[in-house]
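Numbered from 1 within each chain, the chains take letters A, B, ... in sequence-line order. All values below come from the heavy atoms of this structure, side chains included, with hydrogens, waters and symmetry mates left out.
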2 protein chains.
Amino acid sequence: MAQKDTVTAILNAAEELFSERGFAETSLRNITTRAGVNLAAVNYHFGSKKALIQAVFARFLTPFSEQLASELRGYRAQLQDEVPELNSLLMLLPATALRTDKGNPRRLGIFMRLLGLAYTQGQGHLRKYLQTEYSAVFRDFMQLVSAATPNLSNEDRFWRIHFMLGATVFTLSGVDSLTAMAEHDLGKSADITSVVSQLTPFLAAGLNAPP
Amino acid sequence: MAQKDTVTAILNAAEELFSERGFAETSLRNITTRAGVNLAAVNYHFGSKKALIQAVFARFLTPFSEQLASELRGYRAQLQDEVPELNSLLMLLPATALRTDKGNPRRLGIFMRLLGLAYTQGQGHLRKYLQTEYSAVFRDFMQLVSAATPNLSNEDRFWRIHFMLGATVFTLSGVDSLTAMAEHDLGKSADITSVVSQLTPFLAAGLNAPP
DNA sequence: AGATGTTTCAAACATACGTTTAAAACACAA
DNA sequence: TTGTGTTTTAAACGTATGTTTGAAACATCT
């Protein structure tokens with residue numbers, strides 16, 4: 001097995017298991033067993049469990065943030081001096097996320113669950129890593145959101161952005177169990193793209209609500 | 001030290017530590033050290049770590065759900081046959097939560113963080129416990145929400161309720177770091193009650209958004 | 001083919017965990 | 001005070017974890 005195979009097998013297994021059980025609840029033995037590699041492979045290829053956790057995030061986040069940065073440049077160029085339209089701006093995020101690994105929308109749910117864990121679970125090293133690594137693109141995006149909502153005070157916008165973030169992360173991270181519930185309660189099935197298309201008008205309405 | 005003192009000392013320490021680090025990341029030795037009691041006290045008084053986790057939730061949730069059930073009875077009685085008004089209905093939740101342990105709004109943040117953990121972190125036993133124990137009151141509340149939003153389809157309402165839940169849990173569970181960010185970015189301080197008063201119009205607008 | 005650097009492997013290491021135990025300390029009624 | 005049931009204590013138990021090790025297997029190049 002070539003080196004790359006082992007590394008990606010570990011990353012795949014870790015990604016799934018972390019999202020299912022959390023970081024502390026997933027042992028290296030769980031990961032290496034599912035990946036079909038030797039236990040020592042993690043420490044050999046990544047150095048430590050912490051480094052593996054960061055690598056799992058980097059594998060998704062680096063292509064995503066690069067893609068988003070380029071999309072933002074295009075959006076800004078097409079915009080000229082007009083005020084950006086909120087709905088299309090918000091749609092940019094799930095659109096690039098789904099485009100980042102096309103053909104596998106399930107992965108977005110997995111990654112959202114990981115993102116939720118990164119916030120709720122301790123893992124101080126992870127928050128620090130994410131902040132230093134990916135905050136530039138996020139700031140760019142926020143600047144456009146500010147331009148799209150000139151009627152909001154900075155304070156209102158600040159809070160509502162985080163309300164939106166919460167609704168998104170929470171819903172998409174639990175999208176599997178939620179769609180199961182929806183199917184049981186309503187008899188209607190749904191996938192992550194349909195949930196996103198329900199989510200965006202909700203978010204836009206909340207963000208534009210009268211104070 | 002009387003029995004009750006040891007038990008509540010453990011519950012207090014566990015509540016804080018769980019909310020700070022998560023369940024798996026908090027050891028019984030952490031808890032008993034902070035509580036100033038012997039390590040074996042947890043297994044003596046609660047039986048196991050799992051049972052302690054459930055007890056932490058029960059201490060908050062049992063008074064809360066009883067209070068809420070009574071508030072819902074009052075709300076329904078005052079309503080007669082009118083259609084319930086959405087904003088006042090939504091306000092009922094934070095109002096009773098803040099009333100449950102009055103004088104300590106910080107505790108609501110702690111508990112929201114725990115609730116978020118219960119969802120995101122594995123802890124299957126916890127989800128099962130919460131469901132069997134407190135689902136009745138929740139169903140009552142949901143019925144009123146349905147009456148307050150007759151224009152929504154069951155499917156739209158289902159998803160938007162969960163969007164609201166996500167925004168609430170996520171924001172209130174991170175209320176400490178968020179208020180710190182708000183103070184740093186905007187120079188304005190905020191407490192949990194002011195966040196809640198910002199949150200409810202956001203939620204109501206999202207729930208009533210055109211489909 | 002032989003030498004060299006890389007990757008895998010089974011085994012062991014040290015440490016931390018949840019839990020159990022048996023004795024000591026305590027509370028309190030007879 | 002003695003006796004009884006409860007609570008606390010220090011120590012140990014068994015298990016699981018992340019990490020390290022040194023030899024074996026492998027790949028790559030001259």
Side-chain angles (χ1 to χ4, degrees), chain A residues 1-59 114 117-118 121-126 128-129, chain B residues 1-59 114 117-118 121-126 128-129:
Chain A
M1 190 183 288
Q3 170 184 172
K4 205 180 167 193
D5 291 337
T6 299
V7 168
T8 68
I10 291 174
L11 285 173
N12 289 338
E15 185 177 281
E16 289 178 21
L17 287 170
F18 284 154
S19 83
E20 289 169 11
R21 321 184 190 176
F23 303 113
E25 296 87 343
T26 303
S27 70
L28 294 186
R29 285 167 177 82
N30 294 151
I31 294 169
T32 53
T33 299
R34 176 175 297 201
V37 304
N38 186 271
L39 165 64
V42 169
N43 286 282
Y44 176 77
H45 287 287
F46 296 93
S48 68
K49 188 182 181 182
K50 281 186 182 181
L52 170 62
I53 294 176
Q54 295 181 0
V56 166
F57 277 81
R59 183 169 66 145
L114 289 176
L117 285 175
Q121 216 150 321
Q123 303 299 342
H125 71 100
L126 227 187
K128 213 163 284 183
Y129 171 78
Chain B
M1 191 185 287
Q3 171 185 172
K4 206 180 164 191
D5 292 337
T6 298
V7 168
T8 69
I10 291 175
L11 285 173
N12 289 338
E15 186 176 281
E16 289 178 22
L17 288 170
F18 284 154
S19 83
E20 289 169 11
R21 321 184 192 176
F23 302 115
E25 295 86 346
T26 303
S27 70
L28 293 186
R29 287 168 175 82
N30 293 152
I31 295 170
T32 52
T33 299
R34 177 176 295 201
V37 303
N38 186 273
L39 166 63
V42 168
N43 286 282
Y44 177 76
H45 287 287
F46 296 92
S48 69
K49 188 182 181 182
K50 282 186 181 180
L52 170 62
I53 294 175
Q54 295 180 0
V56 167
F57 277 81
R59 184 167 68 144
L114 289 176
L117 285 175
Q121 216 147 324
Q123 303 300 339
H125 70 99
L126 226 188
K128 214 164 282 182
Y129 171 78

Pick out the pairs of N or O atoms, protein on one side and nucleotides 18-20 of chain D on the other, that lie under 3.5 Å.
| residue | atom | partner | partner atom | Å |
| --- | --- | --- | --- | --- |
| D/dG18 | OP1 | A/K49 | NZ | 2.7 |
| D/dG18 | OP2 | A/L28 | N | 2.8 |
| D/dG18 | N7 | A/R29 | NH1 | 2.9 |
| D/dG18 | O6 | A/R29 | NH2 | 3.0 |
| D/dT19 | OP2 | A/N43 | OD1 | 3.2 |
| D/dT19 | OP2 | A/K49 | N | 3.0 |
| D/dT19 | O5' | A/N43 | OD1 | 3.4 |

### Task
Give a yes/no on whether any side-chain N or O of B/T6 is located under 4.0 angstrom from OP1 or OP2 of D/dT7.
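No, B/T6 has no side-chain N/O under 4.0 Å of OP1/OP2 on D/dT7.
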
Expressed as a whole number of angstroms, how long is the span from [X]:[atom1] to [N]:[atom2]?
X: B/R21; N: C/dC17; atom1: CZ; atom2: P; result: 10 Å
X: B/H45; N: C/dT19; atom1: NE2; atom2: P; result: 15 Å
X: B/I31; N: C/dT19; atom1: CD1; atom2: P; result: 11 Å
X: B/H125; N: C/dG18; atom1: NE2; atom2: P; result: 12 Å
X: B/D5; N: C/dA27; atom1: CG; atom2: P; result: 12 Å
X: B/I53; N: C/dT19; atom1: CD1; atom2: C1'; result: 15 Å

### Task
Run the numbers on B/N12 and B/R59 for side-chain contact (heavy atoms from CB on, under 4.5 Å), then give the verdict.
CA-CA 10 Å; B/N12 289 338; B/R59 184 167 68 144; 2.9 Å; yes

#### Entry: Heavy-atom closest contact (A/E25 atom, B/A24 atom, distance)
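The pair with the smallest heavy-atom distance is OE2-CB, 3.6 Å.
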
### Query
Which atom names give the shortest non-hydrogen contact between B/T6 and B/A41, and what distance separates them?
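Shortest heavy-atom separation between B/T6 and B/A41 comes out as CG2-CB, 4.2 Å.
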
### Query
Taking only residues at least two apart or on different chains, which pairs with a member in residues 30-41 of chain A satisfy side chain to side chain donor-acceptor pair (under 3.5 Å)?
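Passing the test, one end in residues 30-41 of chain A: A/E16-A/R34, A/R21-A/N30, A/S27-A/N30.
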
### Message
Between B/D5 and B/V37, does the side-chain contact (heavy atoms from CB on, under 4.5 Å) criterion hold? Intermediate values first, please.
### Response
CA-CA 10 Å; B/D5 292 337; B/V37 303; over 6 Å; no

### Partners meeting ring-ring contact (aromatic ring centres under 6.0 Å, His included) with A/F57 (sequence neighbours left out)
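Partners of A/F57 under the ring-ring contact (aromatic ring centres under 6.0 Å, His included) test: A/F111.
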
